[in-house]
Amino acid sequence: MATDLLANLNPQQQRAVTTVTGPVLVLAGPGSGKTRVLTHRIAYLITEAGIDPLHILAVTFTNKAAREMRERLVGLLGEAVATDLTVGTFHAICARWLRRDIIHLGRERDFVIYDSDDQERLMKRVLRELNLNEKQNPPRAILGAISQAKNELVGPEEFARHTRSYFDEVVARCYARYQALLRESNALDFDDLLGETVRLFREHPAVLAHYQQRYRFLMVDEYQDTNRAQYLLVRALAERERNLFVVGDEAQSIYAWRGADIRNILQFERDYPDATVIMLEQNYRSTQAILDAAQALINASPQRKYAKRLWTTNGKGEQVILYEAANDEDEASFVVGEILRLIAEGAARPGDCAIMYRTNAQSRLVEEALVQAHLPYHVVGGVRFYERKEVKDVLAYLRLAANPYDSVSLQRVINWPGRGIGERTVSELIVWARQLGVPLYQALSELAGDAADHPFAARARSALLEFYTLIADLNRLREMMALGDLIDYLLARVEVQAALKREYDADEADDRWRNVQELRNAALAYANLPVENQLAAFLEDVALIADVDSLDRHTDVVTCITLHQAKGLEFPYVFVLGIEEGLLPHSRSQTDRDSLEEERRLLYVGMTRAQRRLYLCHAGQRALFGRVTASARSRFLADIPPALFKPLRRRGYRALPAPQPVMFNDRSFNQPPARRESGRSAPLPTPLKAVFFPGQRVRHATFGEGIVVSSRLIEGDEEVTVRFPDRERRLLASFARLEPITDGSDR
DNA sequence: CGGGCTGACATTTTT
DNA sequence: TGTCAGCCCG
């Protein structure tokens, strides 16, 4: 058996698999077989080291990773053994533990989990209650700050004690109220799942001891993506047995903006001085040519601790192709043309090709080109199934059936479908409930039990009571009915299909109704559970899985995907688009070194997805928010020696309607005569060349030094947006007397 | 109370 | 260029 498990593993992988005890840090380069190591190690622990699978916990970040791992383990160990293992995402595992033990924190175990949409709705209510303006205090920004605080385990009170700005003051007040409403709604947000588990462990050593006793062998995937709360969670659990096995790659850390703390992986050796450190450098995915280019890019980063040297026996392969497109349209048509050619040559099938980009907006042109070429494709991302409005509306009723105190769900459907409860009535209800000091549902209940002084007109009151009865009925029925029947009852009683037909035109109503039916179908999977558990189990999965098996890689279609989402995937042919200043690195990430380096890693992740051939593309100009803008090639491309590229000339390009000659990589080239708008004569094209490019450092006599954010040619002049120390300014080059600072940093 | 219009706005998003 | 929120009117 041991030979089976270790066969086909290289020496480093074998060492990782067979190191059973103590802290282990595995630094796994892209394509180095880390999932294989994780699964084989688990199998090894069980079959060779005799560890009871009940003692093993494996944590991942995504459901997809967890599912894959479990599938592979079933293959290695069989269904029976695999079911005894605990494999799941941080959030799912924490939710499970909290359902068991949250009572120790004085909370109910039947809490609902709020997703970001729910959070936003709740925050909007908070803002209204506190008389704060949504425009000046964007709910998402406030939630971002709260999320950060929660990741650091800073509660509302502590946060309020350390405010350093007006914004902090606002956040502090919102945080307190937000948290109070969460509690009142018997709800936890995603961050709470982690934070409350850590708090549970801290405040209740006996509970922690129970889990330490149970889980003696811990494995964490994508360790570079852990945030502070996850780090503390893992550390607490591992404290007793110290059998902690983490896998990660600092070079693939791309979620710092979401709270991931790269220090967790960099300091592992300090946390565990006796740690075994193993580097996986053999790559099984790509050609050496691709690896060389990717490594050149990443090695140019000043922030490397564990520099790996990736190698492969796959052979040198073809050089990385660098394509300079005239503009974004040309870029898209080039990519599509290449894919068509690869298919015609028999080298590839559509499913072998992936098109990657920094921002979702970039997919549009690509899609148009794919449609024209009749190439089948899918775009990863977009609105996920359980986030669709009609699905969430129906879900809101189900959540209320399980937990009527869920105020976000209650507000969501109190007037859907319309039953004459307008905004006015809702805010009266909110104010009244607050006066009474009770949750919204409780207030409705008071109203039903002839409360003396309520603020509602007779009509509003009867509408509210009708809604109250509906929720109360659902609440009563949930324990007696199978989930499918409950949903059928709900759909019939609130006349969902009719409501959709009223709100949308025929086609869209059909679409949305189909989604609702799809939700109904998903409920079938729970039919074999005891009736009283079906609804809760269903809602839990919906909250944490959040998507119906999205990426079906069985279909043979081109994949369009953001670089972030591409992590963990691989394709024979990869096209990375828009490798330009302002886009990659994104203009919003050019402010500080850390986010700039994260952009570099993002490109690195994209490049290392390629198995056989990699295309890197950039365009000289690009339509940005409807305006044509000059776009300079990314500084990152300069970090890859030209010898590693095979530059590809464009084979003819289409003229843009832009009337001026434009800068293209410092060389201006002539364009066909400007097209005229009918009726109005265009200004004579001034022989102007753009002088400034994004990322460039400039000096202004009054404003001082700054960095060019963007530059565009407008009516014979160049409009330059520059970020100065105090703020951004838009300047006209002809007036502003901007001076480029030449210290060799950029060109 | 709900439908249509106008103006600001604009990364990435594992759960 | 496209979306979303806020505003005005029937």
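By convention in this document, chain letters (A, B, ...) are assigned in the order of the sequence lines, proteins followed by strands, and residues within each chain are numbered from 1. Worth saying up front: this structure is predicted, and the values here are computed from it rather than measured.
With rounding to whole Å, A:Trp257 atom CH2 is found 8 Å from B:dT12 atom P. Between the C1' atom of B:dA8 and the CG atom of A:Asn133 lies a distance of 13 Å, rounded to the nearest Å. Between the CG atom of A:Leu596 and the P atom of B:dT12 there is a distance of 18 Å, rounded to whole Å. Put simply, CG on A:Asp221 is 13 Å from P on B:dT15, counting in whole angstrom units. In this structure, the CZ atom of A:Phe625 is 12 Å from the C1' atom of B:dA8, given to the nearest Å. Put simply, CD on A:Gln148 is 17 Å from C1' on B:dT15, counting in whole angstrom units. Between A:Arg459 atom CZ and B:dC1 atom P there is a gap of 9 Å when expressed in whole angstrom units. Spacing between atom NZ of A:Lys64 and atom P of B:dT13 amounts to 14 Å, rounded to whole angstrom units.
Tested against A:Phe90, the residues A:Phe190, A:Tyr223, A:Phe61 include a single ring-ring contact (aromatic ring centres under 6.0 Å, His included) partner, A:Phe61.
Checking B:dA10, B:dC1, B:dT12 against the side-chain heavy atoms of A:Arg424 singles out B:dC1 as nearest. When distances run from any side-chain atom of A:Arg588 to the nucleotides B:dC1, B:dT15, B:dA10, the shortest one goes to B:dA10.
Look at A:Arg633 and A:Glu581 and you find no salt bridge, because none of the NZ, NE, NH1 or NH2 atoms lies under 4.0 Å from a carboxylate O.
When heavy atoms are screened at a 4.0 angstrom cut-off, A:Leu188 is found touching no nucleic acid atom at all. Within 4.0 Å of A:Glu423, counting heavy atoms only, lie sugar-phosphate atoms of the nucleic acid but no base atom. Contact annotation for A:Asp115: no contact, since no heavy-atom pair falls under 4.0 Å across all strands. Among the atoms of the strands shown, none is found under 4.0 Å from any heavy atom of A:Phe90. Heavy atoms of A:Ser116 sit nowhere under 4.0 angstrom from any nucleic acid atom. When heavy atoms are screened at a 4.0 angstrom cut-off, A:Asn415 is found touching the sugar-phosphate backbone but no base atom. A:Arg502 comes within contact range of no nucleotide atom at all, as no heavy-atom separation falls under 4.0 Å.
For B:dT11, the glycosidic angle deviates from 0 by 90° or less, giving a syn base.
Here the range on DNA chain C touched by chain A, meaning any atom under 4.0 Å from one of its heavy atoms, is C:dT1 to C:dG6.
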Inset, instruction - Start with the C-alpha gap between A:Met219 and A:Val247, add the side-chain angles, then the distance that decides, and say whether side chain to side chain contact (heavy atoms under 4.5 Å, CB included) holds. - result: CA-CA 8 Å; A:Met219 263 152 280; A:Val247 186; over 6 Å; no

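B:dT11 has A:His586 stacked on its base ring, the centres lying under 5.5 angstrom apart and the planes within 30 degrees of parallel.
In this structure, A:Trp97 has its ring center under 6.0 Å from that of A:Tyr215.
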